[in-house]
Amino acid sequence: MNIQAPKGTKDILPPQTRLWQYVEKTMRDTAALYSFEEIRFPAFEHTELFLRGVGETTDVVQKEMYTFNDKGGRSITLRPEGTASVVRAFVEHNVYADTLPFKCYYIAPNFRYERPQHGRLRQHHQFGVECFGAALPAADAEVIALAHSVLRGIGVERLTLNINSVGCPACRPAYQKELLQYFTACKDKLCETCLTRLENNPLRILDCKTPSCGELKKNAPKSVEHLCTDCSEHLSSVTASLDEMGIGYTLNTLLVRGLDYYTRTVFEFVTTLEGGELTVCAGGRYDGLVAVLGGPSTPAVGFGMGIERLILLMEASQTIPDLTPENTVFVAVADSTAQHRAHALASELRQLQVSCDIDLCSRSLKAQMRYADKKKASYVIVLGQRELEENKIKIKFMSDGRTIESGLDAAEIATLINPPKHIEKSYI
RNA sequence: GUGGGUAUAGCUCAGUUGGUUAGAGCACUAGAUUGUGGUUCUAGGGGUCGACGGUUCGAAUCCGUUUACCCACCCCA
């Protein structure tokens, strides 16, 4: 029997989970600073939601979805991305009738049937942010600033923010037409995959990394030069905001996202740290999607941030803080007469919010000390017949070996370990 | 979906042109006199050499098949 996690999935065990909790906390705290609140939604949806929401021509829909029929004969798909689900919930619960903008975030797994490789899994986790009901460029800048704050909060700098505008239904068709003409003219020089792109979505030829196509791209018509006045002003307002906030960016006219729903602003945070390029965060504006999924026409903007990739980055750039739990106590037992009292002491300390560990394997005192050291306990208290008789204990500081005395009393011990914090704030 | 690489202890890996009971380091457990960790020393546990089949007196080693993982492409976070 083959007992291992399915292809492209990963277990996350301690102490790695500490890092995940740290990253997730940074995301939640940052979202709160920007007044974004959490939304939760199911891990699977009706397949149709993604067909319509993500776009039937996209690779994600065409070849990467985990789709199956449930026992009731419904076609179900494991969520390949978060935005469609949020939009569905937004429409289903008539959130558009509430005070807008509706600003929410989520931390949730996505599922895509792909060949796993570096920074790519079949189940990966995303921190996603969406903002509905705000058409102003300020909303784009707000969302980008949030992403930037998270990345800075985690300590991964050295990321490039690429930004571009893909236009709107008013100006994009004309641009696409021009692009099609340009690339059709030099058809014979395009690589194979780009030939198919020429028919499906000429915009994505701009994304090609083949050197020969790269030459052609240089002279290709640029989207920013074909934007309508509204789109053009929108983009310059977004970048003006970024300038003002001190967020560096590169106007990358070749930036195109693979999902069909984007309008106007598209952006991504990429890094070259891992040898190749790795996109850690990507998003943009999608003013048409709410209407496509049956809601009233509502402007929206958001992004997704890949947590696995973020952690990969942290490991590569060595920005991982020490996440060892602090102020933990190990209550050791010197002889069996003290065993039950020791357990009770640990229990009393825990009631006082002191994190405690005890021996559960009846090891020798020496072995218990070794264990406490391995587990990086901050303090050790040894309990034996002597301590019980004298009603006194010593607290040993594992960092330097010194000890201090205390009564055999949980409250006294807790005070010695966690001295009450002085309130320094003045409430004038 | 296409192409390439790798599978030996919990981890990182040795293993000579096929030859006896398959090794190291780290990790783990225990001991180095009487109740105290980190260093050191000693001992111990742990592997059907990814799986199946073949060649051979003999296979971790050679051949075939298969599975898993890794890497690149497509695409994506």
Side-chain angles (χ1 to χ4, degrees), chain A residues 1-10 13 54 57-65 80-83 107-129 147 151 159 191-194 196-197 200-201 204 207-210 256-259 268-271 274-283 302-313 330 332-338 359 361 363-387 393-403:
Chain A
M1 189 167 173
N2 182 13
I3 309 248
Q4 56 182 303
K7 193 185 189 78
T9 67
K10 280 224 177 1
L13 281 63
V54 180
T57 62
T58 59
D59 275 32
V60 169
V61 166
Q62 281 189 345
K63 48 185 209 190
E64 294 177 359
M65 295 212 299
E81 58 108 51
T83 303
I107 295 173
N110 289 337
F111 308 88
R112 290 181 202 165
Y113 190 85
E114 312 184 77
R115 283 280 284 268
Q117 62 184 67
H118 188 65
R120 219 176 61 189
L121 296 164
R122 290 186 170 179
Q123 176 179 1
H124 78 277
H125 298 77
Q126 264 187 33
F127 168 60
V129 160
L151 295 170
L159 285 163
C191 70
E192 268 185 55
T193 43
C194 279
T196 59
R197 282 191 258 225
N200 297 333
N201 190 349
R204 276 195 239 159
D207 235 0
C208 186
K209 281 149 201 150
T210 312
V256 175
R257 305 262 74 237
L259 307 176
E268 60 179 19
F269 286 88
V270 296
T271 180
E274 286 286 304
E277 276 204 342
L278 203 63
T279 301
V280 176
C281 173
F303 67 77
M305 191 180 284
I307 300 182
E308 281 85 356
R309 288 190 180 177
L310 196 52
I311 285 174
L312 231 41
L313 240 180
F330 186 87
V333 175
D335 50 77
S336 56
T337 55
D359 172 56
C361 301
R363 284 198 249 251
S364 69
L365 181 59
K366 194 187 191 72
Q368 289 178 64
M369 290 302 295
R370 244 193 320 257
Y371 173 86
D373 181 56
K374 293 248 171 64
K375 292 290 180 179
K376 300 209 166 66
S378 320
Y379 315 97
V380 170
I381 293 169
V382 179
L383 229 56
Q385 203 169 1
R386 190 197 304 158
E387 284 79 11
I393 57 107
K394 281 178 183 160
I395 301 171
K396 177 163 184 167
F397 288 62
M398 293 299 274
S399 53
D400 54 14
R402 81 197 146 93
T403 59

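From a predicted model like this one, the values you see are computed outputs, not experimental measurements. Chain letters run A, B, ... following the sequence lines, proteins first and then strands; every chain starts at 1.
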For A:Tyr113 and A:Arg122, what are the C-alpha separation, side-chain angles and deciding distance, and is it a side chain to side chain contact (heavy atoms under 4.5 Å, CB included)?
CA-CA 6 Å; A:Tyr113 190 85; A:Arg122 290 186 170 179; 3.2 Å; yes
Proximity to the side chain of A:Lys366 - top-ranked nucleotide from B:G35, B:G37, B:G1:
B:G37
Whole angstroms only, please: what is the CD-P distance between A:Glu277 and B:A77?
14 Å
Among B:G38, B:A30, B:G35, the nucleotide that comes nearest once only the side chain of A:Asp373 is considered:
B:G38
Check: B:U36 base within 3.5 Å donor-acceptor of A:Arg370 side chain
no
Picking from B:U2, B:C69, B:U36, the nucleotide nearest the side-chain atoms of A:Lys7 would be B:C69
Say you pick atom C1' in B:A51 and the same atom in B:U8; how far apart are they, in whole Å?
14 Å
Hey, which of these two, A:Ala367 or A:Tyr113, hits RNA chain B nearer its 5' end, going by closest nucleotide?
A:Tyr113
Hey, does A:Met305 reach any base, or is it just sugar-phosphate, or nothing, if we go heavy atoms under 4.0 Å?
nothing
Would you say the side chain of A:Glu114 and the base of B:G1 hold a donor-acceptor pair, judged only by whether the two atoms sit under 3.5 Å apart?
no
Within the structure shown, what part of the strands sits under 4.0 Å from A:Thr83 by heavy-atom distance: base, sugar-phosphate, or nothing?
nothing
About how many Å separate CZ of A:Arg309 and OG1 of A:Thr271, when rounded to the nearest 0.5 Å?
11.5 Å
RNA chain B: A:Arg402 or A:Val280, which has the more 5' nearest nucleotide?
A:Arg402
If you check the A:Thr279 side chain, which of B:G37, B:A72, B:A77 turns out closest?
B:A77
If only atom types and distance count, is the side chain of A:Glu308 paired as donor or acceptor with the main-chain N or O of A:His125 below 3.5 Å?
yes
If you look at every strand shown and take non-hydrogen atoms under 4.0 Å, does A:Glu387 touch a base, only sugar-phosphate, or nothing?
base
Please work out if A:Ile307 contacts a base, only the sugar-phosphate, or nothing of the nucleic acid, heavy-atom cut-off 4.0 Å.
nothing
Quick one: are the ring centres of A:Phe397 and A:Tyr379 less than 6.0 Å apart?
yes
Both distances below 3.5 Å, Watson-Crick or wobble geometry, any strand: find the nucleotide opposite B:G1.
B:C73
To the nearest angstrom, the NE2-C1' distance between A:His118 and B:C70 comes to 11 Å
For the pair made of CD in A:Gln368 and C1' in B:A30, what is the distance, rounded to whole Å?
15 Å
Given atom CG of A:Leu312 and atom P of B:C70, what is their separation to the nearest angstrom?
12 Å
Please work out if A:Gly128 contacts a base, only the sugar-phosphate, or nothing of the nucleic acid, heavy-atom cut-off 4.0 Å.
nothing
Report the distance from atom OH of A:Tyr371 to atom P of B:G37, rounded to the nearest whole Å.
17 Å
Do any N or O atoms from the side chain of A:Arg112 and from the backbone of A:Pro80 form a donor-acceptor pair under 3.5 angstrom?
yes
What integer distance in Å separates A:Gln117:CD from B:G4:P?
16 Å
Output yes when at least one side-chain N/O atom of A:Lys374 is less than 4.0 Å from OP1 or OP2 of B:G37, else no.
no
Looking across every strand, which nucleic acid part, if any, lies under 4.0 Å from A:Ala282 by heavy atom: base, sugar-phosphate, or nothing?
sugar-phosphate
Go ahead and name the base partner of B:U16; Watson-Crick or wobble counts if both distances stay under 3.5 Å, otherwise write none.
none
For B:C70 and A:Lys10 - does any side-chain N or O of the residue sit under 4.0 Å from the phosphate oxygens OP1/OP2?
yes
Are any side-chain N or O atoms of A:Asp359 and backbone N or O atoms of A:Val333, one a donor and one an acceptor, separated by less than 3.5 Å?
no
Please tell me which of the listed nucleotides, B:A77, B:C71, B:U36, lies nearest to the side chain of A:Gln126?
B:A77
Residue matched to B:A51 through Watson-Crick or wobble contacts both under 3.5 angstrom:
B:U65
Within this structure, what is the CZ-to-P distance between A:Arg122 and B:C70, rounded to whole angstrom?
10 Å
Heavy atoms under 4.0 Å, any strand shown: does A:Arg363 hit a base, just sugar-phosphate, or nothing?
sugar-phosphate
In the structure I gave you, are the side-chain heavy atoms of A:Val280 and A:Leu312 within less than 4.5 Å of one another anywhere?
no
Paired with B:A30 by Watson-Crick or G-U wobble geometry, both distances under 3.5 Å: which nucleotide is it?
B:U42
For the side chain of A:Lys396 and the base of B:G37, is some donor closer than 3.5 Å to an acceptor across the two?
yes
Taking donor-acceptor contacts at under 3.5 Å, does the side chain of A:Arg309 reach the base of B:C76?
yes
